[in-house]
2 protein chains.
Amino acid sequence: MSTYQPLPHVLNKQTMAKVKLIDVAQLASVSKSTVSQYLNGRFDYMSKETQIRIRAAIKELDYVPNPIARNLKADKTKTIGVIVRDITGFDTSRTIRGVDDFCKGCDYNALIYNTDFDPETEAKSLEALYQMRVDGIIIASSGQNNKLISEYIDKGMPIVHFQLEHDGSEKNLILSDYRQAAFDATEYLIKLGHQRICFMTQDFKNVKSRNERYAGYAAALEKYGIPNNPGLIQYWQRETGFEHSPKSVLESDTAPTAFFTQHLAITTELLTHLNQENIAIPDDVSLIGFDDIPMAEFFKVPVTVIKQEPYIIGKEAAKLLLENINDKNRHSQKIMISCSITQRQSCIAPKS
Amino acid sequence: MSTYQPLPHVLNKQTMAKVKLIDVAQLASVSKSTVSQYLNGRFDYMSKETQIRIRAAIKELDYVPNPIARNLKADKTKTIGVIVRDITGFDTSRTIRGVDDFCKGCDYNALIYNTDFDPETEAKSLEALYQMRVDGIIIASSGQNNKLISEYIDKGMPIVHFQLEHDGSEKNLILSDYRQAAFDATEYLIKLGHQRICFMTQDFKNVKSRNERYAGYAAALEKYGIPNNPGLIQYWQRETGFEHSPKSVLESDTAPTAFFTQHLAITTELLTHLNQENIAIPDDVSLIGFDDIPMAEFFKVPVTVIKQEPYIIGKEAAKLLLENINDKNRHSQKIMISCSITQRQSCIAPKS
DNA sequence: AATACCTACTAAACCGGTTTAGTTGAACAG
DNA sequence: CTGTTCAACTAAACCGGTTTAGTAGGTATT
């Protein structure tokens, strides 16, 4: 139906050079500039006929603008980087999905970098993204590269944190309300009648978001006048596991009647341990864990958890970052997302 | 230690223009070309002193080449697209990880597109990636866009399939050996004494990879002289669930003694159903499922499954795609990855 | 001494768009 | 009849690299 002479038909398009703007311009008998104006919707001083000719030429040639050329001039990549520990995680994959959905809606792309909990890989990812000139970065940082991150921020790279805070900065971060969540979980156990609640955690001295959880736990104990016994704080490390075995903890003088785990990895390892030792949940000990568990409804004992909102966190992080990218002067923000307790069957009143 | 005059110190680097190649050239007193040669490791005709001067200038200025400019000239993006149904899936996230790990190792980036099982979104993702001029695409296609995909292939876009085959093409795809896996699972049940094995599947008429599963199931039955009763083929759809409820199937004349589910989603829905109806696994009926299950060890009854190798599939898909990108004339391949049965506790000999 | 052949560079075109600073011709005002 | 204004464009510079073709100067060959 085109009024233009069709191109000689080429069977194998692979050998055909990509159509470019100049081809469109020639076919429409206008200059490159005019076609560019057209593409960018600046019709202020363009006649209807010219518009029609250009539209037809674009269609005829099946022209698609080259975003690389466009980005070179604009000095933007329309791409952000996302640095996470492992995209494979239950919550993490959902956070990524949130980031990605938001980005796609804004014509941005997200590049994922996995660090596998290695600060060095984290540093390399940061550098790679910087060199790649992404427009911004969302990071769940290890807390070991704070100085480095500050340097990139100083260089003008917009950076948004999630999950773990960047020490010394209350800015541009989005996280769950860990303190409130830990308070709620602890209170929930207390109201069930628990007095000796074991707080199972990674070292939280230099990591705010872990510290916050502890603060919530401690606050709940205090509110109900329950002594905060340091023996009930049990430590776990990714590499070495539990400092004291859960079994030995349960056999100690101050045996807890409930476990409160601060991370899915801890919950998982605890569960394995308890399984092996034939310690029954919730009959022998109650359990509430941070982070939701996939397919928990099919568990021998479905575990009650504090559910974070990873998808929402991802969306909000992306939103915050894009705001930062597009308005450099805006004030930075700290956004808190509420958690909620998903009651399942791992918490009951203590026996004794 | 630099022998060059340091630049005047600027406190706020955000306001500093990015250093570019010409700046390095000027500082090192050479031409742009020479710096470019240096950056690309072509030292054939370059004096040692010049190299040293350029290296120093780069360091001095903290210069990082702009990949956009580089890509514009090279007409490459060093980026591939990955189209999946949902990155959040247990296996899918691992496949993505495999793709990404391989890509990162080859200096490529992967852009993820989620279709949420919608063919239209799939078509849009394809178009977006094409317009973006990614160097290639890995897709777990719905099977509904085969013609469209062929068009992109004709346009010269390297495309690799995984999980679901592109009908009419045995080329550039990588998938699990579904037939063998289904055969093995069926044989496993037969050897336990099962004769009436219910094959729970999505419609497999036009989807090869589902058909293959059925072929494996049928082949095992035939090998052991067990009649292939069409009543034991039960259909499930993502939108509407089971055609006949598992309970009714178990109450029919030809009640199966084992279920064999062809997809994690079917396994999950079956499990929910069985839970509600208080039908016990494996006492009332055995169950083996396609696709591994996260945290299965904590299940009331840990489910025996056929485990695919999503991470390996991702790696192989990326490898195949990059080979295609870098050698257009190479012959295409179909790669099969073996599955294995992960025995847990959902299969026992039938009671009767 | 003239020619060939290196080495060690450089100028300029190029990639495919965007943008700025014009240019042209017609309508209208004075 | 000249000057101004405005619609409707266009030429050329620009983004930041890569690449091609070429050049200058020195040494080896005949």
Side-chain angles (χ1 to χ4, degrees), chain A residues 16-58 61-79 107 130-135 156, chain B residues 16-58 61-79 107 130-135 156:
Chain A
M16 251 171 69
K18 274 264 179 184
V19 175
K20 35 195 182 173
L21 189 139
I22 186 97
D23 303 318
V24 174
Q26 273 161 12
L27 183 55
S29 311
V30 290
S31 72
K32 282 170 65 180
S33 331
T34 305
V35 179
S36 180
Q37 312 275 29
Y38 176 88
L39 289 171
N40 291 287
R42 285 191 287 276
F43 305 122
D44 316 13
Y45 300 111
M46 197 181 302
S47 71
K48 261 272 163 278
E49 302 86 64
T50 302
Q51 290 178 39
I52 291 167
R53 284 212 317 284
I54 294 176
R55 178 164 33 251
I58 288 174
L61 298 173
D62 207 7
Y63 169 72
V64 172
N66 184 332
I68 311 257
R70 190 172 270 177
N71 288 341
L72 173 59
K73 178 68 179 183
D75 196 27
K76 279 194 243 159
T77 52
K78 285 283 191 175
T79 300
D107 210 24
Y130 175 72
Q131 297 206 358
M132 216 171 283
R133 286 166 161 78
V134 293
D135 296 345
Chain B
M16 250 170 70
K18 274 261 177 187
V19 175
K20 37 197 181 175
L21 188 138
I22 186 90
D23 302 319
V24 174
Q26 274 162 11
L27 182 55
S29 312
V30 291
S31 73
K32 281 169 66 180
S33 331
T34 305
V35 179
S36 180
Q37 313 276 28
Y38 175 89
L39 289 172
N40 292 286
R42 285 190 287 275
F43 305 123
D44 316 13
Y45 302 110
M46 197 181 301
S47 71
K48 263 271 163 279
E49 302 85 67
T50 302
Q51 289 177 39
I52 291 168
R53 284 213 317 284
I54 294 176
R55 179 166 29 252
I58 288 174
L61 297 173
D62 206 9
Y63 169 72
V64 172
N66 183 333
I68 311 259
R70 189 173 268 177
N71 288 341
L72 174 59
K73 178 68 180 185
D75 196 25
K76 280 193 242 158
T77 52
K78 285 284 193 172
T79 300
D107 209 25
Y130 174 73
Q131 297 205 359
M132 217 170 283
R133 283 164 164 80
V134 293
D135 296 344

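Basis for what follows: all heavy atoms, side chains included, without hydrogens, waters or symmetry-related copies. Chain letters run A, B, ... following the sequence lines, proteins first and then strands; every chain starts at 1.
Atom NZ of A:K76 is surrounded by 12 or fewer heavy atoms from other residues, nucleotides or ligands within 6.0 Å.
Considering CD of B:Q26 and CG of B:L21, their distance stands at 10.5 Å, rounded to 0.5 Å. Here A:Y63 contributes atom OH and A:L39 contributes atom CG; the two are 5.5 Å apart, rounded to the nearest 0.5 Å. To the nearest 0.5 angstrom, A:T77 atom OG1 is 10.5 Å from A:I68 atom CD1. Interatomic distance, A:N66 CG to B:Q131 CD, rounded to the nearest 0.5 Å: 11.0 Å. In this structure, the separation between CD on B:Q51 and CD on B:Q37 is 11.5 Å, given to the nearest 0.5 Å.
For the OP1/OP2 pair of C:dC9 and a distance below 4.0 Å, the side-chain nitrogens and oxygens of B:T50 include at least one atom meeting the criterion. Distances shown here put a side-chain N or O of A:Y45 below 4.0 Å from the OP1 or OP2 atom of D:dA7.
Side-chain atoms of B:S36 and B:S33 form no donor-acceptor pair, as typed in the model, at a separation below 3.5 Å.
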Readout for nucleotides 13-24 of chain D: B = base within 4.0 Å of protein heavy atom, S = sugar-phosphate only, - = neither; 5' to 3' it is -BBBBBB-----
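Of all heavy-atom pairs between A:Y38 and A:M46, the closest is N-CE, 3.8 Å.
Annotation: the terminal axes of the helix from C:dA1-D:dT30 to C:dG30-D:dC1 meet at 70°, where each axis is the rotation carrying the C1' atoms of four end pairs onto the next four (5 pairs per end, rounded to 10°).
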